[in-house]
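Quick note: numbers below take in every heavy atom, side chains included, and nothing from hydrogens, waters or symmetry partners. Predicted, not measured: the structure shown is a model, and the values here were computed from it.
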There are 2 protein chains.
Amino acid sequence: MPKKNQPLNLEDIAERAGVSRSTVSRVINNEPYVSQKTRMKVEQVIEEVGFTPNPVARMLVTQKTRIIGVVIPHTLDDVFDDPFYFPTLLQGVAETTNANDYGMLLWLGQSDEDEARFHRRVLQNRLMDGLILVSIRVNDPWIEQLLESDIPFTMVERPRQFEEHVSYVGLDNVQAAQMAVKHLIGLGYQRIGTITGALDNYDALDRLDGYKIALENAGRDVDETLIADGDFRYQSGYDAMQYLLSQGVDAVFAASDRMAMGALQALQEADLRVPDDVALVGFDDLPGALRSKPPLTTIHQPIRQKGARAAEILLNLIEGEITAPQQVILPTKLVVRQSCGGAD
Amino acid sequence: MPKKNQPLNLEDIAERAGVSRSTVSRVINNEPYVSQKTRMKVEQVIEEVGFTPNPVARMLVTQKTRIIGVVIPHTLDDVFDDPFYFPTLLQGVAETTNANDYGMLLWLGQSDEDEARFHRRVLQNRLMDGLILVSIRVNDPWIEQLLESDIPFTMVERPRQFEEHVSYVGLDNVQAAQMAVKHLIGLGYQRIGTITGALDNYDALDRLDGYKIALENAGRDVDETLIADGDFRYQSGYDAMQYLLSQGVDAVFAASDRMAMGALQALQEADLRVPDDVALVGFDDLPGALRSKPPLTTIHQPIRQKGARAAEILLNLIEGEITAPQQVILPTKLVVRQSCGGAD
DNA sequence: CAATTTTCTGGGAGCGTTCCCAGAATAATG
DNA sequence: CATTATTCTGGGAACGCTCCCAGAAAATTG
């Protein structure tokens, strides 16, 4: 028998096993009401010919694809100045999807593509049971559109709009930034500046808030001239640090490690020592933070878990295990190294 | 009219436009033999209700999914010591898939998952028209299995087995490594060592070959004691450098920038100056190479294009534009910075 | 052991498309 | 204006599953 390249189907298996299509289907889906004997026979045939049911046909009837989308809009160049974050997050998502036999469709916004087109492509492609939104900008229409479309989705930042209607896995950014700044205050620094992340980003806003709150809690005034706008990237940290030096600071909280490293560079070029002349705290705890000179005091965040949890919530939403939006805040912790001083 | 949440189908559109299902299908697929008048009418209705045809139903009949898979087997921890590579490659792939309205299904092998299970999940999931294989290890069964299964696929490294049967986009690694080492020779270094990549990786093998060839071409003997095994990662570069110092070297070619940076660290700790005491050349031209101290001489490779081209070839293969396997070698170039000396 | 319940099995319908074919309408021909 | 060629249109069949229902077989009852 010439086995032509085998798109076998249920009926073929049924025939070979001497049963009906329906029975084979029952066996495959582990349904009850199949006698032990026929079940074994069918399983044997399936094993023999290496049959896998056509997922597309199944999707068509069940109206479920077992695919989730991961959307990273806007060009990645921003995100990728810290290329560590994104792959780690994806690994977290994959952890969950792999374990639950879901697929993961990745949507990367292209720099030269207009946003509307990208939105349409993703939203109209009705191939996904749900979506994970990564690094959504403040006021981005994604959230609203998705809420209307009633496609289940989760975010990996705490949004500020629609917060109670949206599922997300976030950090206690405010709290974390507060910890960092409080630590600097505790060490006796007087003029503590900050380098913010891109202020169209939810995390950046929260970290800035945390900075302010920490100062206020310590009974200090927030000096707006000590707040330098950055965008999470190395270069912006470098530039911001130069500005802050002109303002006079003795400590700086940077909203990302990449910026802290940029700041470090600026300080070194100005022949200033860290932490003796200026203390530095970052955020993220990148692998490189450990190796910088001096090693960077920073806030550790569990990126991988963020992805994994976000995917878990999404799957629960999809499978109707839960129906109300779910919000999770993952813990961060302050990792004290040498860049903030006070260790000795 | 209470618009219940709208899974409209062709027939619904047909009704509203006063035509038949078939005609609507023709309009959507831009087929001829539709009168201008009805075409306009149908298009208007589609626009009005915002209809998109169900992709799953379409897949079922056309037997095409317009989805490609990107497979990164094995745990990513290796790959992610250099997290830059992988996202950049994905961006390249996305460039092509976005432009051609394909989706990109990402498969990340999980560390705790056995390989066989992973293979099955990806191969049996007949949801992809083709695959891109990233960072496949030497002798990995993937290649053979895929060749048998006649699923179109491309690789982003030049494999050493089945080379003529496989489509790939690679680098002229041998040539590139040769350039690097030749450059060191030209600068007069005498004891030139190398730190290899993980030797179960095709690129690593080629780069090692290039190193040897360069020495031979210069009429020198290859001294095996000056070849230190690394695995592309920072730490391995550090360790290997310490070994090479014990052997006595005045220049080192590292098969990745990450390892070169690790080596740099080892050199600094040994109070040796680069390039005065030991010269260093890396591979990859990571963004960080520019910022290391001293800036790293390295081989630049077009990662993003690699992804884009691999995807292009795959789509051609899928759509039958080409049928024979296609091999592409992308150019690399030597970027001379300070770490190799001779600049002044 | 007849009557009822329970387990098991097969076939029809349907998911929403595309493809194919036949027939209607229109245009081009002698 | 009859005939042929061409454009246009609609409906059946198929893709490969799951779901539902009805009927057969087996197990459980009084």
Which whole-number value in Å describes the distance from [X] [atom1] to [N] [atom2]?
X: B/Ile13; N: C/dT17; atom1: CD1; atom2: C1'; answer: 13 Å
X: B/Lys37; N: C/dT26; atom1: NZ; atom2: C1'; answer: 12 Å
X: A/Ile28; N: D/dC17; atom1: CD1; atom2: P; answer: 7 Å
X: A/Ile46; N: D/dC17; atom1: CD1; atom2: P; answer: 10 Å
X: B/Asp12; N: C/dC15; atom1: CG; atom2: C1'; answer: 13 Å
X: B/Arg126; N: D/dC17; atom1: CZ; atom2: P; answer: 7 Å
X: A/Glu31; N: C/dT9; atom1: CD; atom2: C1'; answer: 13 Å
X: A/Glu15; N: D/dG16; atom1: CD; atom2: P; answer: 14 Å

**Study point:** Axis-to-axis angle between the two ends of the helix from C/dT4-D/dA27 to C/dG30-D/dC1 (five base pairs per end, rounded to 10 degrees)
**Key:**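 The value is 40°.
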
Base, sugar-phosphate alone, or nothing: which one does [X] contact when heavy atoms must sit under 4.0 Å apart?
X: A/Gln63; answer: sugar-phosphate
X: B/Ser22; answer: base
X: B/Val56; answer: nothing

As a test of reading the structure: which of [options] is closest to the side chain of [X], going by heavy atoms?
X: B/Val61; options: D/dG10, C/dT17, C/dA13; value: C/dT17
X: B/Tyr33; options: C/dT9, D/dC17, D/dT9; value: D/dT9
X: B/Arg21; options: C/dT9, D/dC17, D/dG11; value: D/dG11

Review point. Out of A/Ile132, A/Leu146, A/Val169, A/Ile143, which residue meets the side-chain contact (heavy atoms from CB on, under 4.5 Å) rule with A/Met155?
Key: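 It is A/Ile143, the one option of A/Ile132, A/Leu146, A/Val169, A/Ile143 that forms the side-chain contact (heavy atoms from CB on, under 4.5 Å) with A/Met155.
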
Exercise for review: Could you tell me whether A/Glu319 atom CD has more than 12 heavy atoms of other residues or ligands within 6.0 Å of it?
Suggested key: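 Buried by this count: over 12 neighbours within 6.0 Å.
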
Point to revise | Heavy atoms from other residues, nucleotides or ligands near CD of A/Glu47 exceed 12 (cutoff 6.0 Å) | key: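 For A/Glu47, atom CD is not crowded (no more than 12 foreign heavy atoms under 6.0 Å).
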
Exercise for review: Return yes if a side-chain donor-acceptor contact under 3.5 Å exists between A/Ser25 and A/Ser22, otherwise no.
Suggested key: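 On atom types as modelled, these side chains do not qualify, holding no pair under 3.5 Å.
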
Practice item. Could you give me the CA-CA distance, side-chain angles and deciding distance for A/Asn139 and A/Gln161, then say whether side chain to side chain donor-acceptor pair (under 3.5 Å) is met? Key: CA-CA 8 Å; A/Asn139 286 323; A/Gln161 305 119 319; 2.3 Å; yes

At less than 4.0 Å, is any side-chain N or O atom of [X] found next to OP1 or OP2 of [N]? Yes or no.
X: A/Asn54; N: D/dG16; answer: no
X: B/Ser20; N: D/dG11; answer: no
X: B/Thr62; N: C/dT18; answer: no
X: A/Thr23; N: C/dC8; answer: no
X: B/Asn29; N: C/dT18; answer: yes
X: A/Ser35; N: D/dA26; answer: no

Check your understanding: Do side-chain atoms of B/Asn98 reach the backbone of A/Leu108 as a donor and acceptor pair under 3.5 angstrom?
Key ->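 Yes; at least one donor-acceptor contact below 3.5 Å.
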
Check your understanding: For DNA chain C, whose closest nucleotide is more 5', that of A/Val19 or that of B/Arg58?
Key ->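 Counting from the 5' end, the first nearest nucleotide belongs to A/Val19.
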
Revision key, fill the gap. Heavy-atom nearest nucleotide on DNA chain D taken for B/Gly18 and for B/Leu60; more 5' hit belongs to B/Gly18

Practice item. Please tell me which of A/Glu11 and A/Arg26 maps to the more 5' nucleotide of DNA chain D, matching each residue to the nucleotide holding its nearest heavy atom. Key: A/Glu11

Check your understanding: Looking at B/Glu163, B/Glu157, B/Arg158, which hits side chain to side chain donor-acceptor pair (under 3.5 Å) with B/Tyr168?
Key -> B/Glu163

Exercise for review: Please lay out, stage by stage, how A/Glu95 and A/Gln91 fare under the test side chain to side chain donor-acceptor pair (under 3.5 Å).
Suggested key: CA-CA 6 Å; A/Glu95 202 175 282; A/Gln91 265 201 290; over 6 Å; no

Point to revise | Span that lies between the C1' atom of C/dC1 and that of C/dT5, in whole angstrom | key: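 16 Å, rounded to whole Å.
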
In residues 57-64 of chain B, what donor-acceptor pairs under 3.5 Å come from side-chain atoms, sequence neighbours left out?
residue: B/Arg58; atom: NH2; partner: B/Asn29; partner atom: OD1; Å: 3.3
residue: B/Thr62; atom: OG1; partner: B/Arg58; partner atom: O; Å: 2.8
residue: B/Thr62; atom: OG1; partner: B/Lys64; partner atom: N; Å: 3.3
residue: B/Thr62; atom: OG1; partner: B/Lys64; partner atom: O; Å: 3.4

